[in-house]
Amino acid sequence: MPGFELFSDLERKEVNDVLDNGVLMRYGFDGMRNGHWKARELEFELSESFGSKHVQLVSSGTAAVSVALAAAGVGAGDEVIMPTFTFVASFEAIMMLGAIPVLVDIDDTLTLDPKAVETAITDKTKAVMVVQMCGSMGNMDALSDICRKHNLIFIEDACQAIGGTYKGKPLGSIADLGCFSFDFVKTITCGEGGAVVTNNIDYYRNADHFSDHGHDHIGSDRGAETHPFLGYNFRISELHAAVGLAQVRRLPEFIAIQKKNYTILRDALSEIPEVTFRTVPKGGEESYAFLNFFLPDLETARKVSTGFKENGVDVCWNYYDNNWHYIRKWNHFKDLKSLYPISPEVKNGLEYLKTKSFEQSDHFIGRNISCLIKLSWTEEEIRDRAAKMKKIIQGLV
Ligand SMILES: *Cc1c(COP(=O)(O)O)cnc(C)c1O
């Protein structure tokens with residue numbers, strides 16, 4: 001997955017364009033910048049790549065989720081449904097706006113279970129956020145239908161599934177608003193960066209203004225711009241956008257490499273009857289950024305995970321015991337360890353976390369192993385890795 005593995009002269013050239021004229025900011029300084037508008041160009045390229053009419057670059061994927069929610073009017077006291085298996089950014093972004101994260105179970109897609117979503121809807125629910133974890137996706141038709149039926153905003157976090165598709169549409173472009181991260185370990189990277197994509201002009205305009213202090217971006221004098229509403233600073237810099245511009249042009253190449261490497265590993269593990277794979281919804285094609293498989297039970301998955309570590313098979317995780325991606329170890333969230341007071345509304349809204357258990361999620365995450373697919377492996381390295389993984393698993397099942 002990490003696009004940084006294949007950094008080349010293409011990235012260096014784009015960055016040098018920016019350094020040569022010295023304009024590190026994406027707005028203004030028209031005379032100085034010698035025609036270089038890296039953030040603007042990257043927005044155009046992303047719009048082409050992801051088939052979305054509008055793209056707003058921001059400073060991170062976490063910022064993208066916050067800006068997407070704000071652009072759609074999610075705020076104080078609103079409930080946002082999100083999965084138990086995701087990155088901490090999901091609840092951080094929701095809570096930044098004073099809204100309440102409502103966590104629900106995942107299914108064998110490793111993303112939101114539509115049935116769990118429907119059960120969790122209350123009169124406070126404002127949005128549903130699907131997180132396309134580890135290169136694949138949720139059942140987008142079922143989730144879209146639920147959102148339409150209940151008049152909810154549908155948000156798609158595609159940070160980990162850049163380049164995957166559902167029924168021919170790029171992941172990130174299917175819901176009302178999509179979010180991408182271009183942090184250092186994502187399939188295409190800016191170092192730090194993110195994007196909100198949408199076909200809705202109002203959401204786009206809101207995201208554009210909100211991510212730059214509410215500036216209306218009319219005319220060419222920043223000092224004279226008006227502020228139709230309150231905003232914040234989630235801007236990306238030209239240097240970061242320059243790196244992303246070189247990377248996005250290489251996305252088809254990166255996806256092809258991921259697919260090739262993924263297929264070699266998958267074919268090897270497919271020969272083990274006890275190994276099964278995550279369900280990819282009908283019409284979906286993964287980005288091949290990760291290979292996810294299930295073992296018969298938690299105990300076997302833990303043993304395999306340890307076996308991998310002891311035998312030098314890196315970048316594979318059993319997320320059940322991981323601090324970053326699964327509810328089980330998010331004690332700072334469950335205990336509301338905050339530097340500043342949290343509103344009573346959010347506090348009350350999160351009471352359920354003290355008692356609620358997520359057996360269905362445990363059932364899938366406990367048995368799952370998720371392996372990152374690297375871009376820089378040689379074919380020999382992948383074949384060795386595949387043989388090693390197969391041998392370790394066969395010795396433990
Ligand atoms: C990486 C990631 C984010 C956040 O991205 P940053 O750019 O690191 O803030 C959000 N959601 C998911 C699923 C991610 O993997």
Review point. Can His227 and His215 be said to form a ring pair (Phe, Tyr, Trp, His ring centres under 6.0 Å), step by step?
Key: CA-CA 5 Å; His227 305 90; His215 272 270; 4.9 Å; yes
Study note, to complete from the structure: Joining Ile, Leu, Val, Met, Phe, Trp and Tyr whenever any side-chain heavy atoms lie under 4.5 Å apart, the cluster holding Phe44 also takes in none
Exercise for review: Calculate, to the nearest 0.5 Å, the distance between atoms CD and CG belonging to Glu118 and Leu112 respectively.
Suggested key: 12.5 Å
Revision key, fill the gap. In short, salt bridge (charged side-chain N to carboxylate O under 4.0 Å, His left out) pairs touching residues 188-215 with sequence neighbours left out are Asp202-Arg205, Asp212-Arg222, Asp212-Arg235
Exercise for review: Heavy atoms only: give me the nearest Val74-Lys126 pair and the separation to one decimal.
Suggested key: CG2-CG, 3.9 Å
Review point. Going by heavy atoms in the side chains, are Phe154 and Met140 under 4.5 Å from each other?
Key: yes
Show the atom names and distances, to 0.1 Å, of all donor-acceptor pairs under 3.5 Å that link a side chain in residues 312-320 to residues at least two apart or in another chain.
{"unit_1": "Asp314", "atom_1": "OD1", "unit_2": "Arg385", "atom_2": "NH2", "d": "2.5"}
{"unit_1": "Asn318", "atom_1": "ND2", "unit_2": "Ile365", "atom_2": "O", "d": "3.4"}
{"unit_1": "Asn318", "atom_1": "ND2", "unit_2": "Gly366", "atom_2": "O", "d": "3.1"}
{"unit_1": "Asn318", "atom_1": "ND2", "unit_2": "Asn368", "atom_2": "O", "d": "2.8"}

Practice item. Grab the two heavy atoms, one from Ser52 and one from Ser47, that are nearest each other, plus how far apart they are. Key: O-OG, 3.0 Å
Check your understanding: Within a reach of under 6.0 Å around CZ of Phe7, are more than 12 heavy atoms found that belong to other residues, nucleotides or ligands?
Key -> yes
Revision key, fill the gap. For Cys147, the disulfide bond (SG atoms under 2.5 Å apart) test, sequence neighbours excluded, returns none
**Study point:** Closest approach of Thr84 to Phe358 (non-hydrogen atoms, all atoms of both residues)
**Key:** CG2-CD2, 3.4 Å
Practice item. Would you kindly say whether Asp297 and Thr300 are connected by a side-chain donor-acceptor distance under 3.5 Å? Key: yes
Revision key, fill the gap. Value for OG (Ser287) from CE (Met137), rounded to nearest 0.5 Å, stands at 8.0 Å
Review point. Got a sec: does the CD1 of Ile201 have more than 12 other heavy atoms crowding it under 6.0 Å?
Key: yes
Point to revise | Test item: Phe364 and Phe85 side chains (from C-beta on) under 4.5 Å apart, heavy atoms | key: no
Check your understanding: Do other residues, nucleotides or ligands put more than 12 heavy atoms under 6.0 Å from the CG atom of Asn151?
Key -> no
Practice item. Anything under 30° is parallel, anything over 60° is perpendicular, the rest tilted; go ahead and classify Phe293 against Phe277. Key: perpendicular
Exercise for review: Check whether any side-chain heavy atom of Ile272 lies under 4.5 Å from a side-chain heavy atom of Gln394, and answer yes or no.
Suggested key: yes
Practice item. Would you kindly say whether Gln132 and Tyr166 are connected by a side-chain donor-acceptor distance under 3.5 Å? Key: no
Point to revise | salt bridge (charged side-chain N to carboxylate O under 4.0 Å, His left out) contacts touching residues 41-60 (sequence neighbours left out) | key: Arg26-Glu43, Glu41-Arg249, Glu45-Arg249
Exercise for review: Taking Tyr326 for its side chain and Asp362 for its backbone only, find out whether a donor-acceptor pair lies under 3.5 Å.
Suggested key: yes
Review point. Which other residues belong to the hydrophobic cluster containing Leu6, where Ile, Leu, Val, Met, Phe, Trp and Tyr are joined when side-chain heavy atoms lie under 4.5 Å apart, directly or via other members?
Key: Leu42, Leu46, Phe50, Val55, Leu57, Ile162, Phe180, Phe182, Ile188, Val197, Ile236, Leu245, Val248, Leu251, Phe254, Ile255, Ile257, Leu375
Check your understanding: What distance do Thr119 atom OG1 and Asp113 atom CG have between them, rounded to the nearest 0.5 Å?
Key -> 8.0 Å
Point to revise | Among Ile94, Asp78, Val196, side-chain contact (heavy atoms from CB on, under 4.5 Å) partner for Leu69 | key: Ile94
Revision key, fill the gap. Output for pair (Ser376 OG, Glu381 CD), nearest 0.5 Å, gives 7.0 Å
Practice item. Output the distance between atom NZ (Lys309) and atom CD1 (Ile392), rounded to the nearest 0.5 Å. Key: 11.5 Å
Review point. Regarding Glu359 and Ser357, is there a side-chain donor-to-acceptor distance under 3.5 Å anywhere?
Key: yes
Exercise for review: Please round to the nearest 0.5 Å and tell me the distance separating atom NE2 of His150 and atom CG of Asp145.
Suggested key: 10.5 Å
Check your understanding: Got Cys179 and Ile155 here, is their nearest side-chain heavy-atom distance under 4.5 Å?
Key -> yes
Review point. Side-chain contact, heavy-atom cut-off 4.5 Å: Arg278 with Glu286?
Key: yes
Review point. Of the non-hydrogen atoms in Cys134 and Asn292, which two are nearest, and what is the gap between them?
Key: CB-ND2, 3.3 Å
**Study point:** Validation row: Glu285, Val280 side chains within 4.5 angstrom (heavy atoms)
**Key:** no
**Study point:** Ring center gap for His213 and Tyr232 short of 6.0 angstrom
**Key:** no
